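Structure first, commentary second.
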Amino acid sequence: MQDIRITGTGTLLELQRRLRAAGHENIRASMQRRIRRAAEPLRDDLQSAIRSVNITSSGGGRSGRSPTTRPLRATIAQAIRISVRTTANPGAKVWVDRSRLPADLRRMPIVINEGRIRHPVFGNRRRWATQWATPPWWDTTVRRSQPRMEAEVARVLDDVRRRLE
(Lines give C-alpha, C1' and ligand atoms only; values in the text may rest on other atoms or scores of the structure.)
Protein backbone atom coordinates (compact mmCIF):
# COMPACT_ATOMS: atom_id res chain seq x y z
CA MET A 1 0.00 0.00 0.00
CA GLN A 2 1.44 3.34 -1.04
CA ASP A 3 0.38 6.95 -0.92
CA ILE A 4 -1.15 7.97 -4.21
CA ARG A 5 0.30 11.15 -5.64
CA ILE A 6 -0.88 12.86 -8.75
CA THR A 7 1.87 15.14 -9.87
CA GLY A 8 2.87 16.94 -12.98
CA THR A 9 5.86 18.41 -11.25
CA GLY A 10 7.34 20.29 -14.17
CA THR A 11 4.04 21.75 -15.32
CA LEU A 12 2.88 22.62 -11.81
CA LEU A 13 6.18 24.27 -10.89
CA GLU A 14 6.17 26.32 -14.08
CA LEU A 15 2.56 27.44 -13.49
CA GLN A 16 3.29 28.31 -9.85
CA ARG A 17 6.22 30.53 -10.89
CA ARG A 18 4.09 32.26 -13.48
CA LEU A 19 1.23 32.75 -11.00
CA ARG A 20 3.56 34.23 -8.37
CA ALA A 21 5.18 36.53 -10.92
CA ALA A 22 1.80 37.70 -12.17
CA GLY A 23 0.41 38.09 -8.63
CA HIS A 24 -2.74 36.06 -9.37
CA GLU A 25 -3.49 34.80 -5.87
CA ASN A 26 -7.14 34.03 -6.71
CA ILE A 27 -6.13 31.85 -9.68
CA ARG A 28 -3.62 29.99 -7.49
CA ALA A 29 -6.22 29.40 -4.77
CA SER A 30 -8.68 28.26 -7.41
CA MET A 31 -6.13 25.82 -8.84
CA GLN A 32 -5.46 24.32 -5.39
CA ARG A 33 -9.19 24.01 -4.73
CA ARG A 34 -9.79 22.29 -8.10
CA ILE A 35 -6.88 19.87 -7.64
CA ARG A 36 -8.27 18.97 -4.19
CA ARG A 37 -11.70 18.45 -5.73
CA ALA A 38 -10.12 16.13 -8.31
CA ALA A 39 -8.72 13.97 -5.46
CA GLU A 40 -11.91 13.91 -3.35
CA PRO A 41 -13.66 11.14 -5.35
CA LEU A 42 -10.63 8.88 -4.82
CA ARG A 43 -10.69 9.56 -1.07
CA ASP A 44 -14.42 8.82 -1.00
CA ASP A 45 -13.92 5.62 -3.02
CA LEU A 46 -11.14 4.50 -0.65
CA GLN A 47 -13.32 5.19 2.39
CA SER A 48 -16.16 3.24 0.83
CA ALA A 49 -13.83 0.38 -0.13
CA ILE A 50 -12.41 -0.05 3.38
CA ARG A 51 -15.89 0.09 4.91
CA SER A 52 -17.05 -2.72 2.61
CA VAL A 53 -14.00 -5.03 2.84
CA ASN A 54 -15.12 -8.54 3.65
CA ILE A 55 -13.07 -10.06 6.49
CA THR A 56 -13.61 -13.79 6.97
CA SER A 57 -12.33 -16.22 9.57
CA SER A 58 -10.34 -19.30 8.61
CA GLY A 59 -12.13 -21.75 10.85
CA GLY A 60 -12.95 -22.67 14.39
CA GLY A 61 -16.54 -21.62 13.95
CA ARG A 62 -16.55 -19.80 17.25
CA SER A 63 -17.10 -16.09 17.26
CA GLY A 64 -18.26 -13.38 19.55
CA ARG A 65 -18.42 -9.69 20.10
CA SER A 66 -15.25 -7.71 19.71
CA PRO A 67 -13.59 -6.77 23.00
CA THR A 68 -13.16 -3.22 21.67
CA THR A 69 -15.89 -0.68 21.16
CA ARG A 70 -14.39 0.98 18.10
CA PRO A 71 -15.38 -0.14 14.60
CA LEU A 72 -12.22 -1.15 12.71
CA ARG A 73 -13.23 -0.24 9.15
CA ALA A 74 -14.83 3.10 10.07
CA THR A 75 -11.78 4.09 12.12
CA ILE A 76 -9.49 3.46 9.15
CA ALA A 77 -11.87 5.25 6.76
CA GLN A 78 -11.79 8.38 8.91
CA ALA A 79 -7.98 8.45 8.76
CA ILE A 80 -7.84 8.75 4.94
CA ARG A 81 -6.67 12.28 4.05
CA ILE A 82 -5.91 14.54 1.08
CA SER A 83 -3.21 17.17 0.85
CA VAL A 84 -2.47 19.54 -2.00
CA ARG A 85 0.95 21.13 -2.34
CA THR A 86 1.88 23.78 -4.82
CA THR A 87 5.43 24.51 -3.73
CA ALA A 88 8.44 22.16 -3.54
CA ASN A 89 6.81 18.85 -4.54
CA PRO A 90 3.55 19.97 -6.15
CA GLY A 91 0.51 17.74 -6.63
CA ALA A 92 -2.24 15.98 -4.73
CA LYS A 93 -1.60 13.22 -2.22
CA VAL A 94 -4.15 10.79 -0.76
CA TRP A 95 -2.90 8.77 2.21
CA VAL A 96 -3.86 7.06 5.47
CA ASP A 97 -2.86 9.39 8.30
CA ARG A 98 -1.59 6.87 10.84
CA SER A 99 -1.44 9.51 13.57
CA ARG A 100 -5.25 9.54 13.48
CA LEU A 101 -5.39 5.81 14.21
CA PRO A 102 -5.10 4.23 17.67
CA ALA A 103 -1.60 2.90 18.34
CA ASP A 104 -2.65 -0.75 18.01
CA LEU A 105 -4.25 -0.14 14.58
CA ARG A 106 -1.44 1.81 12.89
CA ARG A 107 -0.44 -1.12 10.66
CA MET A 108 -3.97 -2.38 9.96
CA PRO A 109 -4.52 -0.55 6.63
CA ILE A 110 -1.41 -2.29 5.25
CA VAL A 111 -2.29 -5.65 6.81
CA ILE A 112 -5.86 -5.57 5.47
CA ASN A 113 -4.60 -4.58 2.01
CA GLU A 114 -2.21 -7.56 2.03
CA GLY A 115 -5.18 -9.81 2.80
CA ARG A 116 -4.00 -11.82 5.81
CA ILE A 117 -4.83 -10.60 9.30
CA ARG A 118 -3.24 -12.55 12.15
CA HIS A 119 -4.12 -11.56 15.69
CA PRO A 120 -4.42 -12.96 19.22
CA VAL A 121 -7.86 -14.33 20.11
CA PHE A 122 -9.49 -11.77 22.41
CA GLY A 123 -6.06 -10.55 23.51
CA ASN A 124 -4.82 -14.03 24.52
CA ARG A 125 -1.28 -14.11 23.13
CA ARG A 126 -1.08 -17.89 23.45
CA ARG A 127 -3.93 -18.38 21.00
CA TRP A 128 -3.88 -16.82 17.53
CA ALA A 129 -6.42 -16.53 14.74
CA THR A 130 -6.02 -15.81 11.04
CA GLN A 131 -8.59 -13.85 9.08
CA TRP A 132 -8.68 -13.03 5.37
CA ALA A 133 -9.62 -9.76 3.72
CA THR A 134 -10.50 -9.56 0.05
CA PRO A 135 -9.87 -7.80 -2.27
CA PRO A 136 -6.80 -5.57 -1.76
CA TRP A 137 -8.88 -2.46 -1.09
CA TRP A 138 -6.22 0.24 -1.55
CA ASP A 139 -4.42 -1.02 -4.65
CA THR A 140 -7.57 -1.92 -6.57
CA THR A 141 -9.33 1.37 -5.84
CA VAL A 142 -6.29 3.49 -6.70
CA ARG A 143 -5.67 1.62 -9.95
CA ARG A 144 -9.30 2.14 -10.97
CA SER A 145 -9.37 5.88 -10.08
CA GLN A 146 -5.93 7.09 -11.14
CA PRO A 147 -6.63 7.76 -14.87
CA ARG A 148 -9.67 9.90 -14.03
CA MET A 149 -7.70 11.91 -11.47
CA GLU A 150 -4.78 12.45 -13.83
CA ALA A 151 -7.14 13.64 -16.58
CA GLU A 152 -8.86 16.06 -14.19
CA VAL A 153 -5.56 17.52 -12.95
CA ALA A 154 -4.39 17.93 -16.58
CA ARG A 155 -7.66 19.76 -17.34
CA VAL A 156 -7.13 22.09 -14.36
CA LEU A 157 -3.57 22.85 -15.45
CA ASP A 158 -4.71 23.59 -19.01
CA ASP A 159 -7.41 25.98 -17.71
CA VAL A 160 -4.90 27.83 -15.53
CA ARG A 161 -2.39 28.04 -18.38
CA ARG A 162 -5.09 29.51 -20.65
CA ARG A 163 -6.05 32.10 -18.02
CA LEU A 164 -2.44 33.21 -17.69
CA GLU A 165 -1.93 33.73 -21.43
Side-chain angles (χ1 to χ4, degrees), residues 1-9 11-13 29 31-157:
M1 187 172 92
Q2 299 174 332
D3 299 340
I4 176 69
R5 294 177 186 177
I6 300 299
T7 59
T9 306
T11 308
L12 283 171
L13 283 172
M31 183 174 83
Q32 283 182 301
R33 187 172 47 254
R34 288 180 64 193
I35 290 174
R36 175 176 290 280
R37 254 190 247 132
E40 285 173 355
L42 174 60
R43 182 203 53 208
D44 296 343
D45 290 348
L46 286 167
Q47 288 174 335
S48 176
I50 188 62
R51 284 187 178 111
S52 63
V53 165
N54 187 23
I55 299 176
T56 57
S57 180
S58 62
R62 290 185 254 157
S63 65
R65 288 184 43 83
S66 170
T68 64
T69 57
R70 63 178 182 258
L72 172 67
R73 295 174 192 92
T75 303
I76 294 171
Q78 290 172 350
I80 297 173
R81 298 276 177 247
I82 299 173
S83 68
V84 176
R85 291 183 59 167
T86 56
T87 55
N89 187 14
K93 176 180 167 185
V94 180
W95 84 106
V96 176
D97 185 358
R98 292 189 191 155
S99 68
R100 298 187 65 92
L101 292 172
D104 60 335
L105 296 182
R106 298 245 162 97
R107 285 199 33 81
M108 282 308 286
I110 296 167
V111 170
I112 291 173
N113 192 57
E114 290 170 352
R116 181 173 178 253
I117 306 164
R118 189 148 164 75
H119 61 89
V121 176
F122 294 108
N124 179 355
R125 296 197 120 355
R126 288 182 292 194
R127 184 161 179 172
W128 289 74
T130 301
Q131 292 181 297
W132 303 95
T134 53
W137 66 282
W138 184 271
D139 300 337
T140 306
T141 307
V142 167
R143 222 176 291 117
R144 195 174 52 235
S145 299
Q146 193 165 355
R148 183 194 44 76
M149 270 185 65
E150 288 173 346
E152 180 63 27
V153 169
R155 188 171 28 253
V156 169
L157 296 178

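Nothing here was measured: the structure is a model prediction, and the numbers come from that model. Atom set for the values below is all heavy atoms of this structure, side chains included, hydrogens, waters and symmetry mates excluded.
- Among residues two or more places apart in sequence or in another chain, the side-chain hydrogen bond (donor to acceptor under 3.5 Å, both in side chains) test is passed with Ser99 by Asp97.
- Listed by chain and residue number, nothing satisfies the salt bridge (charged side-chain N to carboxylate O under 4.0 Å, His left out) test with Arg143 (two or more places apart in sequence, or in another chain).
- Atom CD1 of Ile35 and atom NZ of Lys93 lie 15.5 Å apart (nearest 0.5 Å).
- Looking at heavy atoms from C-beta onward, Val96 lies in side-chain contact with Leu101 at the 4.5 angstrom threshold.
- In this view, Asn124 and Arg126, Arg127 satisfy the side chain to side chain contact (heavy atoms under 4.5 Å, CB included) rule, not counting sequence neighbours.
- Atom CD1 of Ile112 sits about 4.0 Å away from atom CD1 of Ile76, to the nearest 0.5 Å.
- Here the shortest heavy-atom pairing between Trp138 and Asn113 reads N-OD1, 3.0 Å.
- Within a 6.0 Å sphere centred on CZ of Arg107, other residues, nucleotides and ligands contribute 12 heavy atoms or fewer.
- Arg98 places a side-chain heavy atom less than 4.5 Å from the side chain of Ile110.
- Shortest non-hydrogen contact noted between Gln131 and Ser57 is CG-CA, 4.1 Å.
- Interatomic distance, CD1 of Ile80 versus CH2 of Trp95, reported as 11.0 Å (0.5 Å rounding).
- Not a single side chain to side chain contact (heavy atoms under 4.5 Å, CB included) links Ser48 to another residue, sequence neighbours left out.
- Under the 4.5 Å side-chain criterion, counting only non-hydrogen atoms from C-beta, Arg144 is in contact with Thr141.
- Arg118 meets the side-chain hydrogen bond (donor to acceptor under 3.5 Å, both in side chains) test with Thr130; sequence neighbours excluded.
- With a 4.5 Å cut-off on side-chain heavy atoms, Leu72 and Met108 count as touching.
- Judged by distance alone, with hydrogens and angles left aside, the side-chain atoms of Ser52 form a donor-acceptor pair with the main-chain N or O of Ala49 at under 3.5 Å.
- Residues satisfying the side-chain hydrogen bond (donor to acceptor under 3.5 Å, both in side chains) criterion with Arg100, sequence neighbours excluded, are absent altogether.
- Arg34 meets the salt bridge (charged side-chain N to carboxylate O under 4.0 Å, His left out) test with Asp159; sequence neighbours excluded.
- Nearest heavy atoms, Val111 versus Arg116: CG1-O, 3.3 Å.
- A distance of 12.0 Å separates OG1 of Thr140 from CG of Asp45, quoted to the nearest 0.5 Å.
- Side-chain contact between Leu46 and Leu42 is present, with at least one heavy-atom pair separated by less than 4.5 Å.
- Under the rule for a side chain to side chain contact (heavy atoms under 4.5 Å, CB included), the partners of Ala38 that lie at least two apart in sequence or sit in another chain are Glu152, Val153.
- In this structure, Trp128 contributes its side chain and Arg125 its backbone to a donor-acceptor pair below 3.5 Å.
- Remark: Glu40 pairs with Arg36, Arg37, Arg43, Ile82 by the side chain to side chain contact (heavy atoms under 4.5 Å, CB included) rule, at least two apart or across chains.
- Evaluation of the side-chain hydrogen bond (donor to acceptor under 3.5 Å, both in side chains) rule for Gln47 yields no partner, not counting sequence neighbours.
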